[in-house]
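Below is one structure, written out as structure tokens, with a few remarks after it.
Below, chains carry the letters A, B, ... as their sequence lines are ordered, and counting in each starts from 1.
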Amino acid sequence: MTDVPAPGGARTAPAAPPRPRRRVRVNPVLRRELLERWRSRRAVMTLTIYLAVLGGIGYLLYRVGVAVLTAGFGQELDGAIAGPLLGRFLLEGLLFFVLLLVLFVSPAYAAAQLSGERERRTLPLLQVTLLRPSQIVLGKLGAATAWLGLLVVAVVPIGAGAFFLGGVAPGDLLRGVALVLAVAVGVAGMALGVSAVTRRTTGAVVCTYALVLALVGGSGFLAGVEYLLRARDGGLDRERPPVVLYANPLFGLADATRASRASDMFGFGFGGGLPSPLGVIAEALPAAGGSDALRMDARVELMDPTIGGFVVPEPVGGDVERERKPVWLIVAGVHLALGLIGVGVATRRLRHVEPGGRRGRRRRRRGAGRAGGS
Amino acid sequence: MSDSRAGTEVAERHDAGEPGAAAPAVRVRGLVKRYGRVRAVDGLDLDVPAGAVFGLIGPNGAGKTTTMLAISTLLDPDAGAVEVFGHDPVRQRRAVRRLIGWMPDFFGLYEGLSCAEYLDFFGAAYGLPGPLRRRQTADLLELVELTGKRDTDVAGLSRGMQQRLGLARTLVHDPRLLVLDEPASGLDPRARVDLREIVRELARQGKTILISSHILAELGELCDRVAIIEAGRMLAQGTAAEIRQAASATVAVRARLLGGEESQRRAVAVAAEAGASAVRTEPDGTLHAELPGGQDEAADLLAALVGAGVRVVAFDEAHGGLEELFLSVTKGVVR
Ligand SMILES: Nc1ncnc2c1ncn2[C@@H]1O[C@H](COP(=O)(O)OP(=O)(O)OP(=O)(O)O)[C@@H](O)[C@H]1O
Ligand SMILES: [Mg+2]
């Protein structure tokens with residue numbers, strides 16, 4: 001330790017300030033998260049396994065669909081008849097699975113972001129830098145959704161397999177993926193808000209799961225109650241779904257994918273409809289919509305044996321689509337808004353390091369005012 | 001998520017310091033911070049001159065960390081005023097954050113980052129542009145002698161190395177004031193010497209350094225000034241020599257007595273009569289007492305003891321290394 005070099009660089013450099021170049025600079029928190037997480041071999045393995053599982057599920061759905069239909073028909077399957085049914089079954093099943101995955105993974109993943117930083121005791125180190133609280137939170141949100149987004153988008157090539165079977169338009173898949181992405185961002189935002197308020201990671205994760213359960217199960221339950229009340233008062237009014245359902249991601253997905261209604265399946269006539277996981281909640285969708293148009297097409301084709309091969313319907317006629325209420329967009333909006341609230345809460349919380357909340361803060365503000373006056 | 005403003009903030013950094021160029025590095029007046037019932041800091045005044053190495057010394061729970069958090073913008077005081085180079089840490093957080101480097105009494109670990117990446121990340125958090133960040137990382141690793149570990153995972157560093165990397169982290173944005181909370185705790189003697197060397201070097205470069213410790217001896221020769229605090233209050237402030245002088249306004253004596261409990265009881269009574277405080281006896285018959293004044297008073301006490309028929313075999317002044325000085329200044333208040 002005789003010749004200690006000076007940390008010279010910075011001493012001279014700021015004196016001749018580098019001109020602020022208009023270069024897009026990645027949020028440092030996001031960059032660190034990506035670096036920390038994605039270069040690990042585990043990340044690559046996780047992704048590989050995930051893709052394999054997703055492919056397996058797609059294949060399984062297909063086999064199950066074929067088996068069910070074969071049993072229903074009691075004879076060899078006609079591709080023209082079975083294709084669209086299988087295509088729907090596959091697409092809705094896959095997106096349903098990915099949505100569930102997001103609802104399960106997102107809370108745990110995102111909630112651990114801030115409280116994990118607190119447990120590692122790195123949060124005050126970030127707060128004392130020139131990073132703004134919003135930068136910290138947005139970096140975390142970006143990190144959480146980048147990973148989840150990758151998992152969601154990975155469903156596209158496999159879901160696209162449904163196009164070859166028929167019954168599905170590219171828009172169904174894209175809207176579905178968009179909705180799942182919006183839910184992923186929204187839930188991650190909420191999780192960040194929760195994790196900024198709770199002390200420990202486990203608490204944050206549990207609270208976020210409770211929140212997700214309320215969105216999915218709670219809103220469904222409340223909608224059921226509302227329908228019961230409506231039925232008692234006479235008239236279900238199918239054009240006006242209960243408002244709480246707009247907070248339900250499954251409701252949004254049913255609309256985005258133009259999911260088949262459960263009742264339509266049973267009314268199909270040949271006793272071999274494939275159950276959709278979204279069928280029940282699709283019942284609540286406003287009636288006028290592309291799915292009905294699609295179903296009409298499909299029905300016509302099914303009844304017309306002269307049309308052979310794959311049916312690739314161009315199902316959603318312009319007129320019908322324009323009338324359709326953009327339910328899935330509203331649901332996406334609701335989730336994004338909830339996520340934004342979460343981000344806001346987290347940002348507010350990060351302004352202060354100290355324990356205890358409101359009371360102390362108000363007292364302090366008065367103190368600061370006094371100091372300013374003198 | 002781009003951050004085009006950060007660049008200009010770095011550029012402003014020196015202007016930010018200008019208004020306070022003549023001001024002391026840290027000025028604390030009547031600082032109060034409560035945690036529920038506990039007054040962690042209770043009306044503390046503190047002046048750290050610019051360019052000084054200033055030691056903040058006190059036992060566990062004295063309020064050192066709390067004071068340092070208030071200076072570092074991380075904790076808003078309940079009452080009182082803090083200024084860092086003339087800036088208010090509550091209302092001018094960013095200005096203060098640009099000026100200080102804070103090293104907490106723990107090391108925030110990001111597993112999976114190498115030392116170089118760790119420093120680079122914090123450089124980015126201060127808005128340093130890439131090339132400057134890279135140069136700074138290399139310089140700082142050199143300064144804390146971790147160049148050989150630049151690609152080692154942060155989690156794989158020894159305690160001493162982590163501490164040094166933590167110190168490097170506080171320096172990435174070239175702050176004018178370093179706030180180091182017990183940087184030497186948990187270090188072996190050799191590492192302490194190294195750390196002291198680095199602190200000296202930084203002081204030579206003109207940085208103001210506020211450093212805390214439980215141990216006066218650790219800081220005695222390093223610091224230009226020290227402040228001893230306990231229970232959130234200032235007990236003594238000045239150079240180590242000044243504090244020693246102030247402390248010797250009392251004298252601590254130790255006497256070995258013969259004759260069992262009866263003799264001890266009599267000795268305690270005599271000492272109390274002589275105005276001694278902190279009188280206690282040990283089972284082996286040693287009497288401890290603190291007397292106001294100096295050696296005259298000590299001699300008087302010995303005479304009084306002998307006069308009262310107490311049999312004294314040894315009598316001496318428990319005079320002080322820095323450790324005793326510290327113990328004599330602090331009262332061992334426990335909350
Ligand atoms: N977050 C907190 N919540 C409640 N009480 C706290 C908190 N932080 C500190 N205290 C209390 O404030 C007092 C001062 O604590 P502080 O950490 O400032 O002491 P210190 O001098 O740094 O001690 P040490 O040498 O142990 O680090 C202590 O009594 C402590 O119990
Ligand atoms: Mg402390």
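No donor-acceptor distance shorter than 3.5 angstrom exists from the side chain of B:R29 to the backbone of B:G80, with no hydrogens or angles considered. Listed for the B:D105 side chain is no donor-acceptor partner under 3.5 Å among the backbone atoms of B:E182. Checked by atom type and distance alone, the side chain of B:D181 never pairs as donor or acceptor with a backbone atom of B:M103 at under 3.5 Å.
Contacts of B:A81 with chain A are absent, with no heavy-atom separation under 4.5 Å from either backbone or side chain. The contact between A:L125 and chain B is made by backbone and side chain atoms together, counting heavy-atom distances below 4.5 Å. Residue contact with chain A, scored on non-hydrogen atoms closer than 4.5 Å, involves the side chain of B:I100 exclusively. For B:R133, the part sitting under 4.5 Å from any heavy atom of chain A is the side chain, from C-beta outward, and nothing else. Both the backbone and the side chain of B:L113 come within contact range of chain A, judged by heavy atoms closer than 4.5 Å.
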Can you list, pair by pair, the side-chain donor-acceptor contacts under 3.5 Å of residues 44-52 of chain A, counting residues two or more places apart and other chains?
from: A:T46; atom 1: OG1; to: A:R42; atom 2: O; distance (Å): 2.6
from: A:T48; atom 1: OG1; to: A:V44; atom 2: O; distance (Å): 2.7
from: A:Y50; atom 1: OH; to: A:L151; atom 2: O; distance (Å): 2.5

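For A:R118, there are no salt bridge (charged side-chain N to carboxylate O under 4.0 Å, His left out) partners two or more places apart in sequence or in a different chain.
If you tally non-hydrogen atom pairs under 4.5 Å between each of B:F107, B:W102, B:Y110, B:F106 and chain A, the highest count goes to B:Y110.
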